[in-house]
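Comments concern the structure below.
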Amino acid sequence: MHTGRAVALRRSNVDTDQIIPAVYLKRVTRTGFEDGLFAAWRNDPDFVLNRPESQGATVLVAGSDFGTGSSREHAVWALRDHGFRVVVSSKFADIFRGNAGKGGLVTACVAQPDVERLWSALEAEPATEVTVDLNARTVSWGSESVPFDIDDYTRWRLMEGLDDVDLTLTHADQVAAFEASRPSWLPTTA
Amino acid sequence: MPRTLAEKVWEAHVVRRAEGEPDLLYIDLHLVHEVTSPQAFDGLRVAGRPVRRPDLTLATEDHNVPTMDIELPIADPVSRVQVDALRRNCAEFGVPLHSLGDRDQGIVHVVGPQLGLTQPGMTVVCGDSHTSTHGAFGALAFGIGTSEVEHVLATQTLSLTPFKTLAVTIDGTLAPGVTAKDVILAVIAEIGTGGGQGYVIEYRGEAIRALSMEARMTVCNMSIEAGARAGMIAPDETTQAYLEGRPRAPKGADWDAAVAAWQELHTDDDAVFDREVVLDAATLAPFVTWGTNPGQGLPLTASVPDPAAITDEHERSAAERALTYMDLVPGTPLRDIRVDTVFLGSCTNGRIEDLRAAAEVLRGRQVADGVRVLVVPGSERVRLAAEDEGLDVVFKEAGAEWRHAGCSMCLGMNPDQLAPGERSASTSNRNFEGRQGKGGRTHLVSPLVAAATAVTGRLTSPADLPPVSPSTYAGKGI
């Protein structure tokens, strides 16, 4: 369960080049990407993230097709580094959504009319607190509560904070057995 | 039960299946580059894990590298640190690497196929969304994030939920001058940037079968721009002919066994796709984008659209924003749009056939005054092949810059960038805001349109150009 203030980003097709432009991808660490978040748009003082009421917000409410384009997981890291814990949208790009699940960023997929109502509520009252309940799979604000989609496995992993590599390594025998059955003509790079 | 091509490749790679969990899939080939791998190698180091199969892993330097003065140290210190990190990581973990200056260096999605590493029926991943390129061979190939890169390095597997299947059928024959790039831009405009979300696309039909391997790679490359993680084309004689004799292709009895296995790699007649889209090749024409996502495209003969005419509220506001960013006025013929820069290259259109097609247009012609033309081969081998054919001379005599291999201006991580307000015709794959440089404006085009645009300085198809006069031809000594 997460509760925090939210930012209404009224744009669809927010691609990962907008979330973090390529010139910010040169770091070799997993943190420190906050300054690249929406870098081009943040030059505009009126951009929603620059407004005083957006400071400290932890939920981003965006238009459809959020996270399209490049597979850069830096987009997830930049959102997390800025303080976001949840992105709400009616549609997420596949790779972004997978990366978010690995990076501890919840992607709550709600119906577009629900996004619109949440946008209106946030624009009417920026201090509105939004609660995202992974257990109940609901996004709530004021007197409203709407359901969101997230697959069971990702939800379980987010709630348990599990390491994927550790999980897979418990099946190392099966990996080795599969490996032994691969056709001999498959290429190697060695 | 009849199955699609994608389902066959998926099923053949399932290591483990359990109720309520994603499938664990084996990965046959993992391609690595400098930008999305350093944090993954760090993760291995922290956990004390080796790379499970360095012999199924190949790294190359592409996103950051300069395309000129490559014998000098990389000037940008931050880029240099990232490239050095890849070199150290590959040395420490035993991963083969093609570094700057190596003749097998180049864009990861050009290098894999040209070495013959990408083969039908394989699973191929890379920390890069354009990994979909490799699907042209009937491989299941898709981009992954850095956490998944670490997972594959450590386990040679990935946990994945099956994709849905989408058939995109292009019936009929393409008109002369209409290329694979125009096909895929038209497909994206048709289904939208989110239309393929959750799907793997299989491209089918007469027009697809008629494409060369390199053209098929162009089509599959941009599947991700339609939202699909992967695109595939069933292997056939064209695929075999491309692969035979390549350094990493099977040889002798292995070749025969591989070819026999590849015969099964097609969608069964009665298989059902989750969704189907059909386009008629005869209706397709040279296509360009006018907006800031790859779905905002139109035939070159059209005009900049009027957002007021768009009924969907979100599409309308997206179009308004795009036109403001692109500084375009509704109703302007696309052919009147002037560009400052032409970029020929990228994993979409940086292969030898692309360079040949563009050179054919530029042969005996001159780049328009004030237009900068960058020609960046997709790999060093493509550069060397082009130089063997004299294409570099054609480009240079026309007034274009001939460079070394890399991702270059497709995403501007190296010095090849648009300045704010500059406008390009680009054979790359993304026209996102600032993609080619902060404030830069991008029109996605085919290599043919790129070359013709270089000549006139406006978005132009080769068919619009006056013929080359024989005297010009002779005067150039070509």
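Letters A, B, ... are given to chains in the order of the sequence lines, protein chains preceding strands, and every chain is numbered from 1. Quick caveat: nothing in here was measured; it's all calculated off a predicted structure.
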Per-residue contact mode, B/Glu315 against chain A (heavy atom under 4.5 angstrom): neither

Identified side chain to side chain contact (heavy atoms under 4.5 Å, CB included) partner of A/Ile95 from the options B/Ile224, B/Thr131, B/Ile144: B/Ile224

Choice from A/Thr168, A/Thr68, A/Asp65, A/Thr16 maximising heavy atom contacts with chain B below 4.5 Å: A/Thr168

Between A/Gln174, A/Lys102, A/Gln112, the one whose heavy-atom pairs under 4.5 Å with chain B are most numerous: A/Gln174

Option among A/Asp133, A/Thr58, A/Thr131 that satisfies the side chain to side chain donor-acceptor pair (under 3.5 Å) test with A/Thr3: A/Thr131

Portion of B/Asp28 that has a non-hydrogen atom of chain A nearer than 4.5 angstrom: both

Region of B/Ala12 in contact with chain A, defined by heavy-atom distances below 4.5 Å: backbone

Chain A contact via B/Thr157 - side chain, backbone, both or neither, heavy atoms under 4.5 Å: side chain

Geometric cation-pi criterion, A/Arg27 with A/Trp77: 6.0 Å, 45°: no

Ion pair check, A/Arg30 and B/Glu150, cut-off under 4.0 Å: yes

Option that, when pairs with chain B are counted at under 4.5 Å, heavy atom only, ranks first among A/Pro183, A/Gly69, A/Ala93: A/Gly69

A/Arg10, part contacting chain B, at a heavy-atom distance under 4.5 Å: neither

With A/Phe84, the side chain to side chain contact (heavy atoms under 4.5 Å, CB included) member among A/Val59, A/Val7, A/Val76, A/Val106: A/Val7

Closest-packed option against chain B by number of heavy-atom pairs under 4.5 Å, given A/Asp164, A/Asn99, A/Asp94: A/Asp94

Pick from A/Trp185, A/Trp156, A/Phe178 with the largest number of heavy-atom pairs that fall under 4.5 Å of chain B: A/Trp185

Criterion ring pair (Phe, Tyr, Trp, His ring centres under 6.0 Å) against A/His74, the qualifying member of A/Phe33, A/Phe96, A/Tyr24: A/Phe33

Geometric class of the A/Trp119/B/His314 ring pair [parallel <30°, tilted 30-60°, perpendicular >60°]: tilted

Atom group of B/Glu433 that falls short of 4.5 Å from chain A, counting heavy atoms: both

Under 4.5 Å from a heavy atom of chain A, the part of B/Arg248 involved: both

Proximity breakdown for B/Ala257 and chain A, heavy-atom pairs closer than 4.5 Å: both

Portion of B/Leu56 that has a non-hydrogen atom of chain A nearer than 4.5 angstrom: both

Side chain, backbone, both or neither of B/Thr118 within contact of chain A (heavy atoms, under 4.5 Å): neither

